[in-house]
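Contents: one structure, followed by commentary.
Numbering of ligands and ligand atoms starts at 1, following listing order. Every value quoted in this text rests on a predicted model; they were computed, and no experiment measured them.
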Amino acid sequence: MRGRDAYLGAAMPTLRSLEALESEGLLLPDPRLPDAAQAMAIAITPEMAALIDRSRLADDPIARQFVPSGAEAEVSPDELADPIGDEARSPVKGIVHRYPDRVLLKPLHVCPVYCRFCFRREKVGPGGEALSAEELAAALAYIRSRPEIWEVILTGGDPLMLAPRRLAELMAALDAIPHVAIVRLHSRVPIVDPERVTAGLVRALKPGRVGVWLAVHCNHARELSPPTRAALARLADAGLPLMGQTVLLKGVNDDVETLEQLMRALVTARVKPYYLHHPDLVRGTGHFRVSIAEGQALMRALRGRLSGLAQPTYVLDVPGGHGKVPVGPSYLADDPGALTVEDVFGGQHRYPPG
Ligand SMILES: *Cc1c(COP(=O)(O)O)cnc(C)c1O
Ligand code: SF4
């Protein structure tokens with residue numbers, strides 16, 4: 001653990017190159033690293049770098065998420081450039097419209113960190129710039145022209161990387177569309193760059209009429225450091241309902257104790273676990289992938305141990321743009337003429353088939 005200044009993010013900039021990682025002692029030598037760095041931008045905030053245990057770099061759950069690895073060079077034939085089919089569902093630049101009642105709006109492609117397993121791995125990065133003023137106007141016009149759009153989900157990139165003034169303008173524009181009832185934001189900022197959650201940013205999130213929900217992406221209890229918990233408290237105290245989304249990742253959180261600690265820590269920080277995402281078939285991320293059977297076994301174990309408040313829904317984004325579905329485990333066995341329900345302790349019970 002580093003000193004308090006670095007911990008608070010005052011003493012070190014975001015690490016953005018192999019050289020910077022090397023000089024911080026965060027890199028394990030591998031001849032394939034330049035290729036990994038080429039395939040996806042690097043960024044590790046000082047807060048996250050300070051959490052890394054340098055004595056066990058190879059299996060540190062924070063390092064594993066953000067430090068490039070030679071394993072990213074291994075691409076299997078099942079892996080896809082557009083793993084969840086965003087392209088196929090994009091009617092105008094910056095919009096993904098897959099479900100009738102809600103759209104994704106991606107105002108920018110930058111993030112505070114670059115997660116090596118990212119499902120938009122081939123889209124995020126400092127090279128992909130924000131929507132231009134005209135493009136954003138066209139995206140808003142699309143939303144305005146579709147009365148069935150009830151919810152707008154700001155994602156990216158990371159929408160909380162917008163300057164508070166620009167975010168406030170965007171929120172106000174959405175607030176002014178009468179059929180938009182909900183604006184949901186998906187962000188990693190409160191977790192990995194908590195000092196960005198300023199009073200100005202919190203104010204920008206409260207435009208007036210629409211209901212605003214914030215989902216934070218968090219994969220390990222260690223990410224909930226004191227400054228991060230303070231940032232989440234600022235958001236919750238401002239009245240924003242908070243949800244958690246977690247990606248199930250081998251070597252990061254694929255054991256029941258780690259998931260249990262994470263879910264308890266989220267609920268304690270007033271963040272309701274929403275989704276546990278099965279990892280997508282992203283190119284070069286095979287080293288993060290677990291099987292659906294393993295994911296189901298973990299969910300079953302969590303169900304037996306944890307408050308309902310702390311239970312996420314385990315979901316798979318069906319490749320090809322077909323949307324998300326819960327993938328169990330199922331507690332029902334469907335025999336002809338009878339229904340068997342399994343309880344969380346493994347007991348079997350008959351239930352009238354109805
Ligand atoms: C994930 C996603 C949503 C949101 O789905 P919820 O189940 O409502 O969280 C909406 N649109 C697209 C295109 C998505 O990928
Ligand atoms: S913050 Fe989200 S969008 Fe950005 S790299 Fe990480 S997973 Fe991808």
Side-chain angles (χ1 to χ4, degrees), residues 14 16 39-45 48 62 64-68 72 82-92 94-128 143 146 148-161 181-193 196 213-220 223 243-249 252 272-280 282-285 288 312-327:
T14 291
R16 295 189 182 278
M40 186 193 198
I42 295 170
I44 308 181
T45 55
M48 288 297 108
I62 308 295
R64 211 170 146 75
Q65 293 183 67
F66 306 119
V67 176
E72 292 171 40
D82 181 17
I84 62 171
D86 276 355
E87 297 284 310
R89 305 285 168 146
S90 182
V92 286
I95 295 271
V96 184
H97 197 177
R98 175 184 292 143
Y99 306 102
D101 76 329
R102 56 210 193 275
V103 289
L104 305 185
L105 171 55
K106 302 187 279 188
L108 79 180
H109 292 289
V110 294
C111 299
V113 284
Y114 291 108
C115 314
R116 309 314 297 176
F117 52 85
C118 177
F119 64 127
R120 294 211 183 91
R121 189 183 156 89
E122 325 226 345
K123 301 281 169 13
V124 296
I143 296 170
R146 300 288 173 124
E148 71 273 25
I149 298 174
W150 175 81
E151 178 182 19
V152 176
I153 302 168
L154 296 180
T155 173
D158 194 316
L160 296 191
M161 292 299 277
I182 302 293
V183 178
R184 187 203 313 181
L185 299 98
H186 281 261
S187 176
R188 200 112 154 88
V189 162
I191 306 295
V192 302
D193 195 0
R196 225 178 236 280
W213 291 65
L214 178 60
V216 297
H217 170 180
C218 183
N219 298 326
H220 195 282
E223 293 167 36
M243 308 184 296
Q245 63 176 146
T246 296
V247 185
L248 179 59
L249 297 166
V252 174
K272 168 73 185 89
Y274 177 54
Y275 281 159
L276 176 67
H277 294 272
H278 188 74
D280 294 312
V282 185
R283 285 205 285 224
T285 62
F288 285 116
T313 302
Y314 180 38
V315 292
L316 172 71
D317 216 312
V318 184
H322 306 289
K324 296 177 191 67
V325 286
V327 283

Going by heavy atoms in the side chains, are [X] and [Y] under 4.5 Å from each other?
| X | Y | result |
| --- | --- | --- |
| H186 | P159 | no |
| K106 | D86 | yes |
| R196 | L160 | no |
| M40 | R283 | no |
| F66 | C115 | yes |
| R16 | P126 | no |
| E72 | V282 | no |
| D317 | R98 | yes |

_If the test is side-chain contact (heavy atoms from CB on, under 4.5 Å), which one of V192, V110, V189, D193 qualifies with D158?_
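Going through the options one by one, the only one that passes is V189.
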Which protein heavy atom lies closest to [atom], and at what distance to 0.1 Å?
| atom | answer |
| --- | --- |
| atom 8 (Fe) of ligand 2 | C118 SG, 2.3 Å |
| atom 7 (O) of ligand 1 | Y275 OH, 2.5 Å |
| atom 8 (O) of ligand 1 | R102 NE, 2.7 Å |
| atom 6 (P) of ligand 1 | Y274 OH, 3.4 Å |

_Heteroatom N/O/S of C115 within less than 2.8 Å of atom 8 (Fe) of ligand 2_ =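 So C115 does not count as coordinating atom 8 (Fe) of ligand 2.
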*Any atoms of ligand 1 less than 4.0 Å from a non-hydrogen atom of V96? List them with their elements.*
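By the 4.0 Å cutoff, the relevant atoms are 13 (C).
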_Enumerated ligand 1 atoms positioned under 4.0 Å from heavy atoms of R98_ =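 Contacts of ligand 1 toward R98, numbered from 1: 12 (C), 13 (C), 14 (C), 15 (O).
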Using a 4.0 Å heavy-atom cut-off, say whether [X] meets ligand 1 through its side chain, its backbone, both or neither.
| X | answer |
| --- | --- |
| K324 | side chain |
| I153 | side chain |
| R89 | neither |
| Q245 | neither |

_Test of proximity, E151 against ligand 1: N or O pairs below 3.5 Å_ =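 N/O-N/O distance under 3.5 Å: no.
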*Under 4.0 Å from ligand 2, counting heavy atoms only, is it the side chain of C111, its backbone, both or neither?*
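Near ligand 2, C111 shows its side chain, while the N, CA, C and O stay back.
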*Does R121 approach ligand 2 within less than 4.0 angstrom via side chain, backbone, both or neither, non-hydrogen atoms only?*
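No part of R121 comes within reach of ligand 2.
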*Are any side-chain N or O atoms of T45 and backbone N or O atoms of T14, one a donor and one an acceptor, separated by less than 3.5 Å?*
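Absent.
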*Checking only N/O/S atoms, does H217 have one that is under 2.8 Å from atom 6 (Fe) of ligand 2?*
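It does not; every qualifying atom lies at 2.8 Å or beyond.
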*Could a heavy atom of R120 be found less than 4.0 Å from some atom of ligand 2?*
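For ligand 2, residue contact (heavy atoms, under 4.0 Å) with R120 is absent.
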